[in-house]
Amino acid sequence: MRILLLHSDFIEYQPISKEIQTAEDLPSKSKKKIDEVIVAFIAVEKDDDESIIADVCKELKTYSEIIKCDNLLIYPYAHLSSDLATHIKAQTLLVLIEKQTGDLFKNVNRAPFGWTKSFNIKVKGHPLAENAKTVRKKNGNNTESTSESMALKSEDVLKSIWYVLEPGGNLIPINDYKFEKESLFKKLVDNELYKKRTVVEIPPHVRLMKRLAIADYEPSSDGGNMRYYPKGRLMKSLIETYVTRMIHDYGGIEVETPVMYDSNHPSIQSYFNRFPARQYNIQSDNKQLFLRFAACFGQFLMAKDFQISYKQLPLKLYELTRYSFRREKSGELVGLRRLRAFSMPDCHAFCKDIDQAKEEFVKRFELSLNVIEGLGISSSDDIDMVFRFTTDFYEKNKEFIRTFATRIKKPILVEMWKERFFYFIVKWEFNFVDNLGKAAALSTDQIDVENGERYKIEFVDSDGTKKYPIILHNSPSGAIERVIYALLEKTARDSNMGKIQALPLWLSHTQIRIIPVASKHLEFSEKILVELDKNNIRTDIDDREFSVAKKIREAESEWIHFIIVIGDKEVDDGKEFVVRERLAKSQYSTSLANLIKRIKSEISDKPYLPLNLPVYLSKRPIIMV
RNA sequence: GCCUCUAUAGCUCAGCAUGGUAGAGCGAAGGUUUCGUAAACCUUAGGUCGUGGGUUCAAGUCCCACUAGAGGCUCCA
């Protein structure tokens, strides 16, 4: 018996006409639509008999449990086999399946036998949405399931076993672990395993990204394609510059690759087969193109054309994609957390063997930790780690895995698979849990044992043979937009705890605002501005005809860290200024030199880019979002 | 993609249950004020009430579809 299983959003079918004389009679030929359903196309073959029905039902049930759908449609489909059973036997067996699955499923339907039918189907886009099985009679009463393989594999492989890895290195089954109540780690676990939500409200970062004129939705584009206002653009540039520099220091070689590729390229095609079709497609002349969803293809296709010796490994290629495109389902898009177009640093390391890959894996873990901390996201307070690997990898690398637990000093959520289903054998992520209890992955790294061969990337090893490298996929920061999301959500959390909301100084568009008391103080204000400018401190002047109090208020609501008011006193004195420092909630008198020193020490090694708006506030358009 | 909710001036929102020609605050423009650490004062202009259809003598208000957003589901290379 041949079975094709399709996990579908819906199927819509309509009997058209009888195809055979023995076709069953129907009360009506009306169209029928079933939502959220497993459609089982079944062809009954010559050797099939009642003895295999139990096994067929078991297969169906197993599949339904894996994908968590208990709505079944049995759909007679002769075209799956060229060795068909008689009509009568086929129909009998199908009815039997219908009866026996009745107890196993919540709903079971059967499309009429012997009819020409038209149908419309929408198959879901996940790896297991499509599945084929063959169930055959074995000697005697036993049956064998050739798709054994597929069904069992899928089940075993995708059945995750969850643990918590403690900093000491103990691996504790998730149900035995005692969580700290209300901890972010607990929320992460709820998110990953139980899909629980703690709060229901609009994510704070969405309001903030608009109010701070960082980013906004662009209704004239596609969902998840944002517009970034001047301040947002500057913030992105700064983060991008920072991450790129860190990767350079690590040894990454920056390249640039196309945003679109030929869908019919063989390597890409086979990669596709592994993943749901979630890409943007473009038809251009006779070519079917798609927009990249990561920098993988570009770098792999490039590396394939390199001549590489083992002496040059690990080879690290890096690109910051602007953009990577993923056509996520519309209902999944949220503010800056989940986008359809995003900028992602993607650094691949081509390694000669698993030992070198592991060594590199550790280095990149340290790199990611440094980057995340440098961005102002605390690895101890804001981040929880998820580690995913196969049982096999764990058994061989217990000590290795333990070192990560020791290093991160926090419990780690572990997902283990019995067999490898994806292209990687081990993967970790840093997850940020936001104010709604939703988790979003930032940094990640994977050890990929499949794509070296798939893309025919070769290196010559010390013994002169050609080999395929093991590839690491690392994004030390995660998507740039998601970093901004995390920073904004973090400020909202601060605010809930009574702290003052602020972005890191080095990411603030305006670092110092000068407020002249009256227009006669403008000239002196400009002199100070020039001095600060020389020292790479982004400074602007609020020259608008408002009261000082009002200008202070606006500067505070823009979260500007330092404010200097320039009036007669300052012009006369020329040395000391009263600085209003937002985070310190204080005003103090200091010299310009001291202020510059103070700011430089806080910014330390972070990149500088000039102001991205006119210096004078009177010259700026109002971006009221 | 599915279910539920939302869409009124540049921004935040009222008006809608009971259909009868559109309101406030902030912002903007013009003017007065040259001002010392979180909102000076006066005047004026701003709206095909998301888009398209329908019901009605009459629709911002009721109904349908679409678009965009939010929450949930699902998913997340």
Side-chain angles (χ1 to χ4, degrees), chain A residues 7-10 35-36 67-69 122-129 191-192 195-197 199-203 206-207 210-211 213 216-224 271-272 274-279 292-297 324 326-335 337-340 342 344 346 421-424 427 429 431 436 438-441 444 446 448 450-451 473 475 479 482 513 515-522 542 545-558 560 563-570 578-582 585-587 621-625:
Chain A
H7 186 201
S8 311
D9 286 323
F10 70 84
D35 290 315
E36 227 8 77
I67 60 167
K68 299 189 188 70
C69 173
K122 169 92 171 58
V123 179
K124 285 184 186 285
H126 58 79
L128 287 180
N191 229 285
E192 285 285 336
K195 312 288 183 194
K196 271 189 206 158
R197 294 289 172 275
V199 198
V200 178
E201 63 184 54
I202 297 171
V206 173
R207 265 176 193 281
K210 294 181 186 205
R211 193 176 76 62
D216 202 358
Y217 298 106
E218 175 53 74
S220 305
S221 180
D222 189 28
Y271 194 46
F272 264 9
R274 279 256 171 184
F275 294 106
R278 281 271 185 112
Q279 68 279 352
R292 67 174 172 198
F293 39 83
C296 303
F297 324 107
S324 286
R326 296 184 192 177
R327 228 179 46 81
E328 308 290 7
K329 289 194 262 174
S330 58
E332 296 161 357
L333 305 169
V334 191
R337 185 208 294 144
R338 197 84 187 275
L339 296 167
R340 280 184 174 167
F342 55 95
M344 191 170 60
D346 207 346
F421 182 76
F422 302 103
Y423 56 74
F424 52 85
K427 170 188 187 175
E429 301 145 21
N431 276 272
L436 270 62
K438 287 246 192 184
T444 176
Q446 310 164 358
D448 168 358
E450 205 173 279
N451 283 306
H473 300 234
S475 184
R482 204 170 258 192
R513 167 144 312 156
I515 297 180
V517 172
S519 48
K520 64 179 170 182
H521 305 116
L522 253 180
D542 193 345
E545 303 258 320
F546 292 135
S547 66
V548 170
K550 176 160 179 161
K551 292 197 266 196
I552 297 272
R553 184 187 150 87
E554 286 206 12
E556 289 284 352
S557 72
E558 280 181 59
I560 291 171
I563 302 170
I564 306 175
V565 177
I566 302 291
D568 289 341
K569 266 186 279 173
E570 286 71 19
V578 176
V579 175
R580 183 183 165 113
E581 189 176 331
R582 178 173 166 79
K585 275 192 193 172
S586 70
Q587 285 174 45
I622 293 167
I623 304 169
M624 187 63 91
V625 207

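All values derive from a computational prediction rather than experimental measurement.
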Q: Classify the nucleic acid contact of A/R482 as base, sugar-phosphate or nothing, counting any heavy atom under 4.0 Å across all strands shown.
A: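 The answer is nothing, as A/R482 stays clear of every strand by at least 4.0 Å.
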
Q: How would you label the contact of A/K569 with the nucleic acid (heavy atoms, under 4.0 Å): base, sugar-phosphate, or nothing?
A: base

Q: Taking atom C1' in both B/rA58 and B/rC62, compute the distance separating them and give it to the nearest angstrom.
A: 13 Å

Q: Looking at NE2 of A/H473 and CG of A/N451, how far apart are the two atoms once the value is rounded to the nearest 0.5 Å?
A: 5.5 Å

Q: Given atom CG of A/D568 and atom P of B/rU37, what is their separation to the nearest angstrom?
A: 14 Å

Q: Both distances below 3.5 Å, Watson-Crick or wobble geometry, any strand: find the nucleotide opposite B/rA70.
A: B/rU4

Q: Decide, for B/rG46, between syn and anti: a glycosidic angle within 90° of 0 counts as syn, anything else as anti.
A: syn

Q: Just call it for A/A294: base, sugar-phosphate, or nothing, with non-hydrogen atoms closer than 4.0 Å on any strand.
A: nothing

Q: B/rA77 P sits how many Å from A/D346 CG, rounded?
A: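 That distance rounds to 13 Å.
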
Q: Say you pick atom P in B/rU12 and the same atom in B/rC75; how far apart are they, in whole Å?
A: 34 Å

Q: Please tell me if A/S519 has a side-chain N or O lying less than 4.0 Å from either OP1 or OP2 of B/rU34.
A: no

Q: Nearest whole angstrom, please: distance from the P of B/rA77 to the CD of A/E450.
A: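 That distance rounds to 15 Å.
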
Q: Between CG of A/L333 and CZ of A/R327, what distance do you get to the nearest 0.5 Å?
A: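 Going from CG on A/L333 over to CZ on A/R327, the span is 10.0 Å.
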
Q: Donor-acceptor pair under 3.5 Å: do we get one between A/K520's side chain and the base of B/rU34?
A: no

Q: Round to a whole Å and report the spacing from CG of A/L339 to P of B/rG69.
A: 11 Å

Q: Can you give me the closest heavy-atom contact between A/D216 and A/K210, atom names plus distance?
A: OD1-CE, 3.3 Å

Q: Quick one: which of B/rG36, B/rA40, B/rA77 gets closest to the side chain of A/Y423?
A: B/rA77

Q: Taking atom types as they are modelled, would you say the side chain of A/R580 forms a donor-acceptor pair with the base of B/rA38 within the 3.5 Å cutoff?
A: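 When only heavy-atom distances are counted, A/R580 does reach the base of B/rA38 through a donor-acceptor pair under 3.5 Å.
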
Q: Mapping A/F546 and A/F424 to their closest nucleotides on RNA chain B, which lands nearer the 5' end?
A: A/F546

Q: Indicate, yes or no, whether a donor-acceptor pair under 3.5 Å links the base of B/rC76 to the side chain of A/R337.
A: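 No, no donor-acceptor pair under 3.5 Å.
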
Q: Tell me the interatomic distance from A/R211, atom CZ, to B/rG27, atom C1', rounded to whole angstroms.
A: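 It is 15 Å, rounded to the nearest whole Å.
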
Q: In whole Å, what separates the P atom of B/rC49 from that of B/rU21?
A: 15 Å

Q: Applying a 4.0 Å non-hydrogen cut-off, can you work out what A/S330 is touching in the nucleic acid: base, sugar-phosphate, or nothing?
A: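 The residue A/S330 makes base contact.
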
Q: Nearest-Å distance, CZ (A/R582) to P (B/rU37)?
A: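 Atom-to-atom, A/R582 to B/rU37, this comes out as 19 Å.
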
Q: Using purine N1 to pyrimidine N3 plus N6-O4 or O6-N4 for Watson-Crick, or N1-O2 and O6-N3 for G-U wobble, each under 3.5 Å, what pairs with B/rC11?
A: B/rG25

Q: With both distances under 3.5 Å as the test, what is the Watson-Crick or G-U wobble partner of B/rC75?
A: none

Q: Under 4.0 Å, heavy atoms only, any strand: does A/K550 hit a base, just the sugar-phosphate, or nothing?
A: sugar-phosphate

Q: Let's test this: given Watson-Crick or G-U wobble pairing with both distances under 3.5 Å, identify the partner of B/rC62.
A: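 Here B/rC62 is engaged in a pair, and the nucleotide opposite it is B/rG54.
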
Q: State which of B/rA77, B/rA70, B/rU37 makes the closest approach to the side chain of A/Y217.
A: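 Nearest to the side chain of A/Y217 among the choices is B/rA70.
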
Q: Applying the Watson-Crick and G-U wobble criteria at under 3.5 Å, what pairs with B/rU37? Answer none if nothing qualifies.
A: none

Q: Any base atoms under 4.0 Å from A/E218, or only sugar-phosphate, or nothing? Heavy atoms, all strands.
A: nothing

Q: Taking for each residue the nucleotide of RNA chain B bearing the nearest heavy atom, is the 5' side occupied by A/E332 or by A/R207?
A: A/R207

Q: Rounding to the closest angstrom, what is the interatomic distance between B/rA68 and B/rG27 at atom C1'?
A: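 It works out to 24 Å between them.
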
Q: Of the nucleotides B/rA77, B/rC75, B/rA38, which has the atom closest to the A/R326 side chain?
A: B/rA77

Q: Given B/rG71, B/rG1, B/rU37, which nucleotide is nearest the side-chain atoms of A/I552?
A: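 Given the options B/rG71, B/rG1, B/rU37, the side chain of A/I552 is closest to B/rU37.
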
Q: Check this for me: does any side-chain nitrogen of one of A/E554 and A/R513 sit under 4.0 Å from a carboxylate oxygen of the other?
A: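 Here A/E554 does not pair with A/R513 in a salt bridge, since their nearest N and O are not under 4.0 Å apart.
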
Q: Rounded to whole angstrom, note down the P distance from B/rG23 over to B/rU48.
A: 15 Å

Q: Would you mind reporting whether A/V206 and A/Y217 have side-chain heavy atoms less than 4.5 Å apart?
A: yes

Q: Roughly how many Å apart are B/rC35 and B/rA39, using the C1' atom of each and rounding to a whole number?
A: 14 Å

Q: Please state the P separation for the pair B/rG25 and B/rG31 - nearest whole angstrom.
A: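 Straight-line distance between the two P atoms is 23 Å.
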
Q: Have a look at A/I563 and tell me which of A/E581, A/Q587, A/E556, A/R582 forms a side chain to side chain contact (heavy atoms under 4.5 Å, CB included) with it.
A: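 Answer to the side chain to side chain contact (heavy atoms under 4.5 Å, CB included) test with A/I563 among A/E581, A/Q587, A/E556, A/R582: A/E556.
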
Q: Is there side-chain contact between A/D568 and A/H521, with at least one heavy-atom pair below 4.5 Å?
A: yes

Q: Tell me the interatomic distance from A/K585, atom NZ, to B/rU37, atom C1', rounded to whole angstroms.
A: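 In whole Å, B/rU37 C1' and A/K585 NZ are 16 Å from each other.
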
Q: Taking the side chain of A/V334 as heavy atoms from C-beta outward, which of B/rU37, B/rC76, B/rG71 is closest to it?
A: B/rG71

Q: Verify side-chain hydrogen bond (donor to acceptor under 3.5 Å, both in side chains) between A/E429 and A/N431, making sure each step is shown before the conclusion.
A: CA-CA 6 Å; A/E429 301 145 21; A/N431 276 272; 3.2 Å; yes

Q: Would you kindly give the CD-to-C1' distance between A/E545 and B/rG30, to the nearest whole Å?
A: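 The answer, rounded to whole Å, is 13 Å.
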
Q: Please determine, for B/rU48, whether a Watson-Crick or G-U wobble partner exists with both distances under 3.5 Å, and give it or none.
A: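 With both distances under 3.5 Å required, B/rU48 matches none.
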
Q: Paired with B/rG30: which nucleotide, if any, by Watson-Crick or G-U wobble criteria at under 3.5 Å for both distances?
A: B/rC42

Q: Closest to the A/K329 side chain: B/rG72, B/rC75, B/rU34?
A: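 Nucleotide nearest to A/K329's side chain: B/rC75.
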
Q: Atom CG of A/D222 and atom CZ of A/R340: how far apart are they, to the nearest 0.5 Å?
A: 4.5 Å

Q: Students often get this wrong, so: under 4.0 angstrom with heavy atoms, is A/L333 touching a base, only sugar-phosphate, or nothing?
A: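 The answer is sugar-phosphate, as A/L333 gets under 4.0 Å only of primed atoms, P, OP1 or OP2.
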
Q: Under a 90° cut-off about 0 for the syn range, is B/rA70 syn or anti?
A: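 Here the answer is anti: the torsion falls beyond 90° from 0.
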
Q: Rounded to whole angstrom, note down the P distance from B/rA14 over to B/rA59.
A: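 One P to the other, the span is 24 Å.
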
Q: Given B/rU37, B/rC76, B/rC35, which nucleotide is nearest the side-chain atoms of A/V517?
A: B/rC35

